[in-house]
Colleague: 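I am attaching a structure below and will ask some questions about it afterwards.
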Amino acid sequence: MSQIEPLPHIAATKPYVPGGKLHGAKGPVAMLASNENPFGPSPKAVAAAQAAAGTVHVYPDPDYGPLRAAIAAAKGIADVSRVVTSAGSDEIIHLLTQCYAGPGDEVLFTEHAFSMYRVSAGAHGATSVTVPETDMTAGVNAILGAVSPRTKLLFLANPNNPTGTMLSVDDLKALQDALPPHVLFVVDGAYSEYLGPTYEAELRDLVDRRDNTVMMRTFSKIYGLAAMRLGWAYMPAGIAAIYQRIRGPFNVSSIAAAAGIACVGDEDFLKMSRDHNTHWRAVMTDALSAMGLPTPPSHANFIVTEFGSAEWAAAANQHLKDNDILVRAISGYGLPTKLRISVGSAEDNQRFLDAMKAFTASR
Ligand SMILES: Cc1ncc(COP(=O)(O)O)c(C=O)c1O
């Protein structure tokens, strides 16, 4: 029998559960499970990726200079050396955890936080500590109350996935000011573009206020490049230098880098995607609430609907699957009575609402 055993903390780590695919569908599937952009990628990204495909026999530029410069220019960042890139922002979560937290250390996040924070803490032997939430939000005092001398990292997605809730920028500043100096504050802005450029700039400026704050971002959501696996972060200089030390030299493919350069400043595409999301998020929120399914305001590209019981949420999920509509069960996030529904194309959103109308009418 094999005596090859993983490290105990690896063996104890539960893997991330992705939104998945709907197998055995009868027709086209409405994909409302993974917060992807229903418009697909920006055409500029597609053209650049196709052009880059002919040179994949050559390793990428390990410095990713043009990509980092394009990100810095689009986001109003003066110091390119503080912009780092990654294979999806999941990699940033992993690398920061690898750099700053290990056995005996604590990684802090809120009760219904994005689950990769827990996976990554476990994978590096650190202890996950969760802050209890009320109405799917943890306030500044609750978060500070959970900080201990062992806390090394605080991950906070703002807006958060899967709840769609967020803290105000003033709250983020208060948190940043009050954290003890041994805690690195990682603000995950995966959905920040859905609030618009003003909020994006506020997150950027947060990093410049103190040397304890990192902002991480992804091209997987509004940029429509989920399968490219491209992320970036803006960091204090010292943290960026540590990150660059252990980052794989070619962690971003040249195709992904070319796509990112082409679309990071595509403001027309961003605005179109954001406007569509704002419109349909309100339509879906109102329609579900009118069906007797409470759906609080969300700040991201998805909504979270309350069904009153785990059984009813599961029945709704099954009804949707039977109609080739895939949404996200979030019982794994401690929210078994709710479903998370991404804002999709107009057609898919309408299909979803029609299916929900039929479901609620049949109860
Ligand atoms: C809050 C948050 N952070 C990070 C990610 C990771 O995104 P990616 O690795 O595709 O960049 C996601 C993806 O769902 C997310 O919701």
Side-chain angles (χ1 to χ4, degrees), residues 4-18 84 86-133 138-158 160-163 167 172 175-176 178-190 206-207 210-218 229 231-236 238-248 251 330 332-334:
I4 301 169
E5 296 285 345
L7 294 170
H9 61 264
I10 300 285
T13 299
K14 294 201 182 84
Y16 179 78
V17 182
V84 303
S86 62
S89 55
D90 280 348
E91 190 185 29
I92 296 170
I93 299 169
H94 274 310
L95 291 181
L96 286 177
T97 309
Q98 189 176 351
C99 289
Y100 294 103
D105 298 327
E106 292 174 358
V107 176
L108 187 61
F109 43 84
T110 61
E111 187 179 352
H112 306 301
F114 180 51
S115 57
M116 280 307 292
Y117 309 147
R118 181 184 295 279
V119 172
S120 202
H124 294 94
T127 303
S128 291
V129 175
T130 51
V131 185
E133 296 185 16
V140 174
N141 288 339
I143 295 172
L144 288 173
V147 172
S148 86
R150 295 180 163 201
T151 310
K152 291 292 171 64
L153 288 163
L154 163 61
F155 284 106
L156 184 74
N158 208 57
N160 180 52
N161 171 26
T163 58
L167 295 185
L172 295 180
L175 190 52
Q176 184 184 43
L179 280 172
H182 60 275
V183 181
L184 179 62
F185 184 21
V186 184
V187 181
D188 182 345
L206 199 69
V207 179
R210 286 193 172 270
D211 61 6
N212 66 349
T213 305
V214 163
M215 169 186 68
M216 50 176 274
R217 302 281 287 274
T218 182
R229 312 307 302 131
W232 63 278
Y234 181 44
M235 302 179 164
I239 310 276
I242 294 296
Y243 176 94
Q244 297 288 30
R245 189 179 293 200
I246 64 156
R247 170 182 69 81
N251 61 334
I330 45 176
Y333 281 88

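If you read the sequence from its start, that first residue is 1, and numbering goes on from there.
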Colleague: How many angstroms lie between atom CG of Leu7 and atom OG1 of Thr13, to the nearest 0.5 angstrom?
Modeller: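 Those atoms lie 10.0 Å apart.
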Colleague: Assign the ring pair Tyr117 / Phe155 to parallel, tilted or perpendicular, where the plane angle (0 to 90°) is split at 30° and 60°.
Modeller: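 Aromatic pair Tyr117/Phe155 classed parallel.
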Colleague: Looking only at heavy atoms, what is the nearest atom pair of Thr130 and Glu111, with distance?
Modeller: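 Of all heavy-atom pairs spanning Thr130 and Glu111, the closest is CB-CA, 4.2 Å.
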Colleague: Please evaluate residues Leu172 and Asn158 with respect to the criterion side chain to side chain contact (heavy atoms under 4.5 Å, CB included), reporting the C-alpha separation (whole Å), side-chain torsions for both, the decisive distance (0.1 Å), and the verdict.
Modeller: CA-CA 9 Å; Leu172 295 180; Asn158 208 57; 3.6 Å; yes
Colleague: What's the separation between atom CG in Asn251 and atom CD1 in Ile92, rounded to the nearest 0.5 Å?
Modeller: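 One gets 9.0 Å once the value is rounded to the nearest 0.5 Å.
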Colleague: Give me the atom names and distance for the closest heavy-atom approach of Leu153 to Thr97.
Modeller: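 What the structure gives for the nearest pair is CD1-CA, 3.6 Å.
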Colleague: Of all the heavy-atom pairs spanning Met215 and Val207, show the shortest one and how long it is.
Modeller: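 Of all heavy-atom pairs spanning Met215 and Val207, the closest is CB-CG2, 3.6 Å.
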Colleague: Nearest 0.5 Å, please: how far is SG in Cys99 from NE2 in His124?
Modeller: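 It is 8.5 Å, given to the nearest 0.5 Å.
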Colleague: My understanding is that only one of Thr213, Asn212, Leu175 makes a side chain to side chain contact (heavy atoms under 4.5 Å, CB included) with Leu154; could you say which?
Modeller: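 With Leu154 as partner, Thr213, Asn212, Leu175 yield a single side chain to side chain contact (heavy atoms under 4.5 Å, CB included), made by Leu175.
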Colleague: I need the Ile93 CD1 to Ser86 OG distance, nearest 0.5 Å.
Modeller: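 These two atoms lie 9.0 Å from each other.
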Colleague: How long is the span from the CD atom in Glu91 to the OG atom in Ser120, to the nearest 0.5 Å?
Modeller: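 One finds 10.5 Å between CD of Glu91 and OG of Ser120.
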Colleague: Using every non-hydrogen atom in the two residues, find where Val129 and Ala146 come nearest and quote the distance to one decimal.
Modeller: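 Heavy atoms only, the tightest pair is CG1-O, 4.3 Å.
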Colleague: Check the pair Leu108 / Leu156 against side chain to side chain contact (heavy atoms under 4.5 Å, CB included), numbers first and verdict last.
Modeller: CA-CA 9 Å; Leu108 187 61; Leu156 184 74; over 6 Å; no
Colleague: Measure the shortest side-chain to side-chain distance between Val84 and Gln244 over non-hydrogen atoms and say whether it is less than 4.5 angstrom.
Modeller: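 A side-chain contact under 4.5 Å exists here.
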Colleague: State yes or no: are the ring centers of Tyr243 and Tyr100 separated by less than 6.0 Å?
Modeller: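 Between Tyr243 and Tyr100, the centre distance exceeds or equals 6.0 Å.
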Colleague: May I have the step-by-step check of side chain to side chain contact (heavy atoms under 4.5 Å, CB included) for Tyr234 and Val187, ending in yes or no?
Modeller: CA-CA 10 Å; Tyr234 181 44; Val187 181; over 6 Å; no
Colleague: Within a strict 4.5 Å, meaning less than it, do heavy atoms of the Leu95 and Arg247 side chains meet?
Modeller: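 The answer is yes, as the side chains (C-beta and beyond) meet within the 4.5 Å cut-off.
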Colleague: Quick one: CE on Met116 to CG on Asp188, what's the gap to the nearest 0.5 Å?
Modeller: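 Result: 11.0 Å between the selected atoms.
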Colleague: May I ask you to check whether Ser148 and Glu106 show a side-chain donor-acceptor distance below 3.5 Å?
Modeller: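 Short answer, yes.
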Colleague: Which is it for Leu179 and Val147 under the side chain to side chain contact (heavy atoms under 4.5 Å, CB included) test, yes or no, and what are the steps along the way?
Modeller: CA-CA 8 Å; Leu179 280 172; Val147 172; 3.9 Å; yes
Colleague: May I ask you to test the Thr110-Thr163 pair for a side-chain heavy-atom distance under 4.5 Å?
Modeller: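 They are not in contact (no side-chain heavy atoms under 4.5 Å apart), so the answer is no.
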Colleague: Over all heavy atoms of both residues, which pair between Met235 and Ala240 is shortest? Give the atoms and the distance, please.
Modeller: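 Looking at all heavy atoms of both residues, the shortest contact is SD-CA, 3.6 Å.
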Colleague: Is a side-chain N or O of Gln176 found less than 3.5 angstrom from the main chain of Leu206, in a donor-acceptor match?
Modeller: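 Such a contact is found between Gln176 side chain and Leu206 backbone.
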Colleague: Search all heavy atoms of Pro15 against all heavy atoms of Val119 and return the closest pair with its distance.
Modeller: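 What the structure gives for the nearest pair is C-CG2, 4.2 Å.
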